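Written out below as structure tokens is the structure these notes cover.
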Amino acid sequence: MATEQPFLPVLLGSDMNAYGMARAFYEAYGIKPLVLGRSHLTATQDSHILQFQEIDRLNEQDVFAPALAEVAKKYADKKLLLLACGDDYAKLIIKNKPALQEHFTVPYIDESLMDEILLKENFYKMCDQYNFKYPGTTTVTADNYENFTPPFAYPIILKASNSVEYWACKFPGKKKVFVAHDEAEKTAILKAIYSSTYQDTMIIQEFIPGDDSYMRVLNAYVGKDGKVKLMCLGNPILEEHSPEGIGSYAAIVTTYDKELMDQVRFFLEDIGYTGFANFDMKYDIRDKQYKLFEINLRNGRSSYYVTASGHNLMKYVADDHMLNIEQEVTYVQDKHLWMIIPKGVLFKYASNEKLKLEAKKLISEGKYTNSLYFNEDMNAKRWVKLTLNNLNYYRKYKKYFNNKGLSE
């Protein structure tokens with residue numbers, strides 16, 4: 001049952017992150033958030049815990065600001081909390097922050113800090129300053145890619161520096177992240193990318209050995225006072241392996257590392273960060289160090305793992321900005337398994353036996369959550385779609401999975 005609250009969350013995006021965020025708000029306050037998206041994806045379809053509104057081309061600047069002004073007018077009697085579920089919307093919110101703040105509470109950093117962090121080559125300079133390790137990294141451009149030779153051994157990782165521009169481009173064989181095993185493969189990948197509309201920098205990185213379980217994900221919330229309020233570290237057991245899904249986590253067990261959390265906390269507070277932050281990193285067995293890949297200026301796509309562990313991520317932002325409730329810092333230590341894949345897929349394709357045993361134990365104790373399956377939001381239509389979606393995971397893993405640890 002939805003309860004009347006003095007505020008309304010407005011979520012931009014319609015994927016599983018949008019659903020996880022809507023579910024968190026519903027669980028914390030009984031609110032049905034307004035979810036705005038360009039198309040209605042399975043995760044948010046046939047749901048009774050959110051209100052969905054489709055807005056074509058919402059991720060384009062000329063549509064974005066006027067569309068949100070219309071939404072603000074319609075809900076003029078509510079305090080509106082604006083949150084992004086993906087990189088493109090986070091960037092648009094930050095770029096339009098001064099105008100949006102006339103109608104919405106906007107818990108995001110300013111554009112000047114975004115520009116320092118968003119482009120990966122700038123971010124790695126910040127890493128040097130704050131003593132974060134990161135993979136051997138260089139860049140290549142549309143002008144010099146034909147004569148480019150990487151300064152480290154194959155295999156190498158190739159990914160776009162400007163993820164928003166890359167998201168918008170199209171070419172055959174497009175993937176979120178590429179692995180090139182030799183010179184010929186590297187040349188073919190770069191040629192395909194630069195034959196598309198994407199003309200920005202590409203990041204080239206050394207490949208860090210290890211399967212999906214060597215990854216770590218950290219979600220943090222920094223209050224409006226500039227102090228970190230919540231940190232939760234996750235150890236992925238398995239990632240998605242389809243071309244569009246590479247780099248997205250499919251199953252995560254919460255874990256704890258005080259030293260790492262302290263380091264990230266100092267970094268965020270020192271640079272004047274506020275709002276959600278999401279870090280992706282990989283543990284390098286060769287020197288026993290975490291190697292940082294990137295920081296996202298929003299909660300991560302899989303961030304419901306934080307809420308599932310008993311620390312509602314959306315409650316932090318709403319209590320802070322909408323209800324003015326003071327918060328102390330929390331480093332999450334509660335063990336929980338979060339997943340969006342069927343258990344059969346998890347245990348067939350995950351290779352870290354220790355984590356698989358831990359996952360089985362958590363399942364037997366009832367400490368596991370699939371964020372899309374919410375008993376209070378289940379109906380026949382939704383159940384059928386989610387079941388088909390689950391079956392599709394079996395097909396996708398069978399088709400795309402390789403276990404060479406090449407899915408960074």
Side-chain angles (χ1 to χ4, degrees), residues 14-20 23 41-47 85 174-179 209-217 219 232-255 280 282-283 300-309 335-375 377-378 381-408:
S14 58
D15 64 353
M16 71 169 203
N17 192 19
Y19 187 79
R23 176 175 172 176
L41 301 177
T42 304
T44 46
Q45 282 173 12
D46 305 301
S47 169
C85 309
K174 182 180 173 184
K175 293 182 183 179
K176 191 174 166 186
V177 177
F178 286 96
V179 180
D211 63 24
D212 298 350
S213 68
Y214 285 80
M215 293 297 295
R216 297 291 184 277
V217 55
N219 275 273
C232 185
L233 184 63
N235 188 165
I237 313 179
L238 196 60
E239 293 185 9
E240 292 196 40
H241 282 254
S242 59
E244 70 282 0
I246 286 175
S248 298
Y249 306 119
I252 294 172
V253 170
T254 43
T255 185
D280 290 306
K282 192 169 185 180
Y283 184 72
R301 182 172 176 264
S302 53
S303 63
Y304 191 84
Y305 81 84
V306 183
T307 298
S309 75
K335 283 282 183 189
H336 199 87
L337 167 66
W338 168 91
M339 54 191 173
I340 50 144
I341 52 173
K343 294 172 201 165
V345 170
L346 173 61
F347 293 115
K348 181 172 182 180
Y349 292 99
S351 55
N352 186 317
E353 294 303 329
K354 184 167 172 280
L355 274 179
K356 279 160 75 170
L357 281 174
E358 190 172 355
K360 281 178 178 162
K361 182 172 182 284
L362 289 167
I363 288 170
S364 72
E365 292 168 356
K367 295 177 181 173
Y368 72 100
T369 305
N370 182 322
S371 41
L372 298 179
Y373 281 81
F374 181 33
N375 285 342
D377 190 29
M378 200 49 76
K381 271 187 174 177
R382 185 166 174 81
W383 185 85
V384 167
K385 283 181 183 172
L386 291 179
T387 302
L388 290 172
N389 189 49
N390 253 357
L391 291 170
N392 199 26
Y393 275 117
Y394 283 96
R395 185 188 62 77
K396 285 200 282 192
Y397 275 86
K398 189 175 182 183
K399 184 174 179 183
Y400 294 113
F401 186 81
N402 75 55
N403 194 27
K404 295 172 188 156
L406 296 180
S407 62
E408 187 271 75

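In this text the structure is predicted, and so the values were computed from the model without any measurement. Just so you know, residue 1 is the first one in the sequence shown, and it goes up from there.
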Of all residues at least two apart in sequence or in a different chain, which pass the side-chain contact (heavy atoms from CB on, under 4.5 Å) check with [X]?
| X | result |
| --- | --- |
| N390 | P342, Y373, Y393 |
| S248 | K176, E240, R301 |
| K385 | T42, Q45, D46 |

Taking every non-hydrogen atom, the tightest pair across [X] and [Y]:
| X | Y | value |
| --- | --- | --- |
| G300 | N219 | N-OD1, 2.9 Å |
| S14 | T44 | O-OG1, 2.9 Å |
| L372 | L386 | O-CD1, 3.4 Å |
| S47 | R382 | CB-NH1, 4.3 Å |
| S351 | D211 | OG-OD2, 2.6 Å |
| G344 | Y394 | CA-OH, 3.5 Å |

What distance separates [X] [atom1] from [Y] [atom2], expressed to the nearest 0.5 Å?
| X | Y | atom1 | atom2 | value |
| --- | --- | --- | --- | --- |
| H241 | K399 | NE2 | NZ | 15.5 Å |
| S302 | I252 | OG | CD1 | 3.5 Å |
| H336 | T369 | NE2 | OG1 | 2.5 Å |
| S371 | N17 | OG | CG | 9.0 Å |

> Stepwise, does the salt bridge (Lys or Arg N to Asp or Glu O under 4.0 Å) test hold for E353 with K356?
Replying inline: CA-CA 5 Å; E353 294 303 329; K356 279 160 75 170; 3.4 Å; yes
>> Can you list everything that forms a ring pair (Phe, Tyr, Trp, His ring centres under 6.0 Å) with Y214? Sequence neighbours excluded, please.
In response: none
For a 4.5 angstrom cut-off between non-hydrogen side-chain atoms, does [X] reach [Y]?
| X | Y | value |
| --- | --- | --- |
| K398 | K348 | no |
| Y397 | L238 | yes |
| Y368 | L346 | no |
| E239 | F401 | no |
| M16 | Y304 | no |
| K335 | T255 | yes |

> Below 4.0 angstrom, N of the basic side chain to O of the carboxylate: do E358 and K354 qualify?
Replying inline: no
> What residues, two or more places apart in sequence or in another chain, satisfy side chain to side chain donor-acceptor pair (under 3.5 Å) together with N370?
Replying inline: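 Here no residue qualifies.
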> With K381, which residues qualify under side chain to side chain donor-acceptor pair (under 3.5 Å), at least two apart?
Replying inline: none
>> Applying the side-chain contact (heavy atoms from CB on, under 4.5 Å) criterion to Y305, which one of L337, T254, I340 satisfies it?
In response: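 Answer to the side-chain contact (heavy atoms from CB on, under 4.5 Å) test with Y305 among L337, T254, I340: T254.
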> Should D377 and Y19 be marked as a side-chain contact (heavy atoms from CB on, under 4.5 Å) after you check the CA-CA gap, both sets of side-chain angles, and the distance that decides it?
Replying inline: CA-CA 11 Å; D377 190 29; Y19 187 79; 2.6 Å; yes
>> Is it true that D280 and Y249 share a donor-acceptor pair across their side chains at a distance under 3.5 Å?
In response: yes
> Just wondering, more than 12 heavy atoms not from K367 lying within 6.0 Å of its NZ?
Replying inline: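 Not more than 12 within 6.0 Å, no.
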>> Using only atom types and a distance under 3.5 Å, with no angle test, would you say the side chain of D212 pairs donor to acceptor with the backbone of P236?
In response: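 Absent.
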